[in-house]
Colleague: 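Quick one: structure below, then a few questions.
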2 protein chains.
Amino acid sequence: MNPVTLKQIAETLDISIATVSKALKDYPDVSKKTKLLVKETAELLNYKPNAFAVNLRTKESKTIGLIIPEVVHHFFSSVIKGIIARAEKKGYLVIILQSSESYEMEKKQLDLLLSKRVDGILMSLANGTANFKHLDDLISQEVPLVMFDKIAKIVNCSKVIINDRMAAYTATKYLIDSGCKRIAHFRGPLLPQNSIDRFLGYKKALSDNNIPYDPSLVYICECGERSFEEGKENAHKLLEDHNDVDGIFINTDLVAIGAITEFHRIGVKIPEDISIVGFSNWFMSSVISPTLTTIDQPGYEMGKEAFKLLYKEIKRRKENLPIKFKTVELETKLIKRASTRN
Amino acid sequence: MNPVTLKQIAETLDISIATVSKALKDYPDVSKKTKLLVKETAELLNYKPNAFAVNLRTKESKTIGLIIPEVVHHFFSSVIKGIIARAEKKGYLVIILQSSESYEMEKKQLDLLLSKRVDGILMSLANGTANFKHLDDLISQEVPLVMFDKIAKIVNCSKVIINDRMAAYTATKYLIDSGCKRIAHFRGPLLPQNSIDRFLGYKKALSDNNIPYDPSLVYICECGERSFEEGKENAHKLLEDHNDVDGIFINTDLVAIGAITEFHRIGVKIPEDISIVGFSNWFMSSVISPTLTTIDQPGYEMGKEAFKLLYKEIKRRKENLPIKFKTVELETKLIKRASTRN
DNA sequence: ATTCATATCGAAAACGTTTTCGATTTAACG
DNA sequence: CGTTAAATCGAAAACGTTTTCGATATGAAT
């Protein structure tokens, strides 16, 4: 084992624990001579500060928590990567928990993180979350919180988002510009803000271009683990319900890929018969055929940005400075590929 | 804030801290009456034990570390999911770090985890790791360690693996059985055990079926972030070098998908001209065209199994029982799809 | 020699919990 | 009533660190 403590260093040098501690942290009231001596023997004995004791004393763990709906997910794993990268640079480690799109789980995971006393929490909401008391509680307990992607507008904290509405507008507009007259929408669940915003962007694009909005063209997906199957099912239903659809704007790539798969099976040609635009730009979308036109959503940057905001908040809180919450909006862009005519 | 401590409960009830602590943990030497009283006021004051103090006292953090080469990766994210799921059930949280396939990073991350004093470590080696001193050090420090997927045979710890050699043999054999006579192999880097084993399985299948082994048919990929591009490049080179190849066994799906993309671009028909078998069964492989024949590698189960082994080791160490390292081998299976003839 | 400033150190409290062990009370029994 | 056993509690040490604050020593200035 490695139970080398300050005490041991102190004893071997016959000085006090306090001096050893201060020497290691370069306090000004320790002579250069003893500093050198202490650092040398610390190195020699392979001293590593006991994180538990440091945590207890300093009241911080240099650890943050991350709650996301799903780990096996191209977008979210990109976010994770961004967060970890940035956090490491600042000396923070990241505990990752998964809500599996369930509100109950989300609450439980939050409690777990709180009981571990993480220094801050990053999260993207579960689809099932409609009540935000658990988040308000967090904030009233003064635990730094930053939400990203799937946020609640009503919760008072920093956020990192994209302009889902505008991106959806762009996507739908592109379908219109490429000649689509009758455009369906596979939307996400009813609750999450970004699913709502994407729907609104779709609707706005239609009305701005004098295309009547037809609710029967809007299909709902849970966008959970069954995304791919939902894409297939909705594509199938769409064909049964309507024979004049020539374009679909789909809430997320995985669903879009399910739809493409089903259309392919049935013999519907993309983009000749139906054009499709997805959302998120999963890597997969660039290698299926036809390659999928989609909205690129910068997951890695979102993760980095989210940590940056959290870090700032943690720092300001430590220094007892006033906190101002910020909402950072990241750029998206339309990636034109082969699932649409141009 | 929430600075409710044992002391506060003790003061409100006018009893000692020791009794409060013991009451909360159902020690036998506390009367039922006071137990009830303590639990009630603890509930009332919303008492949460201070993890830092508990850690310091008990010398454990109920946290484990996980080091993987890459987060944005279908297989590894499945593993993460399995680990988190299992760990949570046993009350452990998971800190995730990424080595980015670099040996230096891997060492650094290991140090970070050690300095946080995690109760155990799960890891899959970076491609760049040839030296195992850092792992041996871990073991000599008695830190529980379980390796999975990309392991080092020589390191003395528990492991969770698949039989890469046999799986590769099966994959290659399938190519042979479907009529391929001249089979190339896109292998992984030279160091990792599983890359070696897959190569050996390929070779064995050839020799068992009287097909001469031709080293010029073996191409190397780094299998890092450029996997997809490497697949394209190698596919291109392969066609320049040889005009008689009719099958390829490829170290990992992402490279295989790159190869398919390139063949598609050039006009080589799959599987008519060349059959392809990948490895890992990324989700993507089931939706590209042609769908990719591959070896299914159970990431989620591997994660679960790895945590189970780690948990056992942690427990036995706490009870000072002898530790016996185990190697668990998980089943793989050949997924027959459209990139091969049958 | 006295005063003052500066440099250097250490004692000790504190963080909040767990656990040992001794003290006290209560009940039980002859 | 005295003795013993069982039940119930609390004092205190310990985990290892950080930090305040006072103590001492050294040197310079008067």
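Chain identifiers are assigned alphabetically (A, B, ...) following the order of the sequence lines, protein sequences preceding nucleic acid strands; residue numbering begins at 1 within each chain. Just so it is clear, the structure is predicted and the values come from calculations on it, not from any experiment.
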Colleague: Quick test of your reading of the model: are A/Asp26 and A/Lys39 salt-bridged, counting only N-O distances below 4.0 Å?
Modeller: yes
Colleague: For atom CD of B/Glu225, is the number of surrounding heavy atoms from other residues, nucleotides or ligands below 6.0 Å larger than 12?
Modeller: no
Colleague: What residues form a side-chain hydrogen bond (donor to acceptor under 3.5 Å, both in side chains) with A/Ser16, not counting sequence neighbours?
Modeller: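 With sequence neighbours excluded, A/Ser16 shows a side-chain hydrogen bond (donor to acceptor under 3.5 Å, both in side chains) to A/Thr19, given in chain and number order.
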Colleague: NZ of A/Lys48 to CG of B/Leu114: how many Å apart, nearest 0.5 Å?
Modeller: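 Separation between the atoms: 8.0 Å.
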Colleague: Who are the side-chain hydrogen bond (donor to acceptor under 3.5 Å, both in side chains) partners of B/Arg317, not counting sequence neighbours?
Modeller: B/Glu313
Colleague: Taking side chain to side chain contact (heavy atoms under 4.5 Å, CB included) as the definition, give me every residue that meets it alongside A/Lys33, ordered by chain and number, with sequence neighbours left out.
Modeller: A/Ser31
Colleague: Just jot down the side-chain hydrogen bond (donor to acceptor under 3.5 Å, both in side chains) partners of B/Glu104, sequence neighbours excluded, or say none.
Modeller: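 Listed in chain order: nothing, the list is empty.
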Colleague: For B/Asn50 and for B/Tyr27, find the nucleotide of DNA chain C with the closest heavy atom, then tell me which residue's nucleotide is more 5'.
Modeller: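 That would be B/Asn50.
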Colleague: Under 3.5 Å, side-chain donor or acceptor atoms of residues 6-14 of chain A against the rest of the protein: list the pairs with distances, not counting sequence neighbours.
Modeller:
{"unit_1": "A/Gln8", "atom_1": "NE2", "unit_2": "A/Pro3", "atom_2": "O", "d": "3.0"}
{"unit_1": "A/Thr12", "atom_1": "OG1", "unit_2": "A/Gln8", "atom_2": "O", "d": "3.3"}
{"unit_1": "A/Thr12", "atom_1": "OG1", "unit_2": "A/Ile9", "atom_2": "O", "d": "2.9"}

Colleague: Mind checking salt bridge (charged side-chain N to carboxylate O under 4.0 Å, His left out) for A/Lys312 and listing every partner two or more places apart, or none if nothing turns up?
Modeller: none
Colleague: With sequence neighbours excluded, tell me which residues meet side-chain hydrogen bond (donor to acceptor under 3.5 Å, both in side chains) with A/Glu88.
Modeller: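 For A/Glu88 the side-chain hydrogen bond (donor to acceptor under 3.5 Å, both in side chains) partners, ignoring immediate neighbours, are B/Lys108, B/Gln109.
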Colleague: So which one's nearest nucleotide on DNA chain D is more toward 5', B/Pro28 or B/Leu56?
Modeller: B/Pro28
Colleague: Are any of the side-chain nitrogens in B/Glu305 or B/Arg86 under 4.0 Å away from the carboxylate oxygens of its partner?
Modeller: no
Colleague: If you fit an axis to the five pairs at each end of the helix from C/dA1-D/dT30 to C/dG30-D/dC1, how big is the angle between those two axes, to 10 degrees?
Modeller: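 About 70° separates the two local helix axes.
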Colleague: If you take any heavy atom closer than 4.0 Å to DNA chain D, which residues from residues 12-22 of chain B end up in contact?
Modeller: B/Ile15, B/Ser16, B/Ala18, B/Thr19, B/Lys22
Colleague: Output all residues satisfying salt bridge (charged side-chain N to carboxylate O under 4.0 Å, His left out) with B/Glu106, sequence neighbours left out; order by chain, then residue number.
Modeller: none
Colleague: Heavy atom of residues 31-42 of chain B under 4.0 Å from DNA chain C: which residues?
Modeller: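 Nothing qualifies; none.
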Colleague: Indicate yes or no: does B/Lys107 engage B/Asp111 in a salt bridge with an N to O separation below 4.0 Å.
Modeller: no
Colleague: Students should find this one: the first and last nucleotides of DNA chain D, 5' to 3', lying under 4.0 Å from a heavy atom of chain B. What are they?
Modeller: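 Result: D/dT8 to D/dG16.
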Colleague: Between B/Val30 and B/Arg57, which has a closest nucleotide on DNA chain D that is more 5'?
Modeller: B/Val30
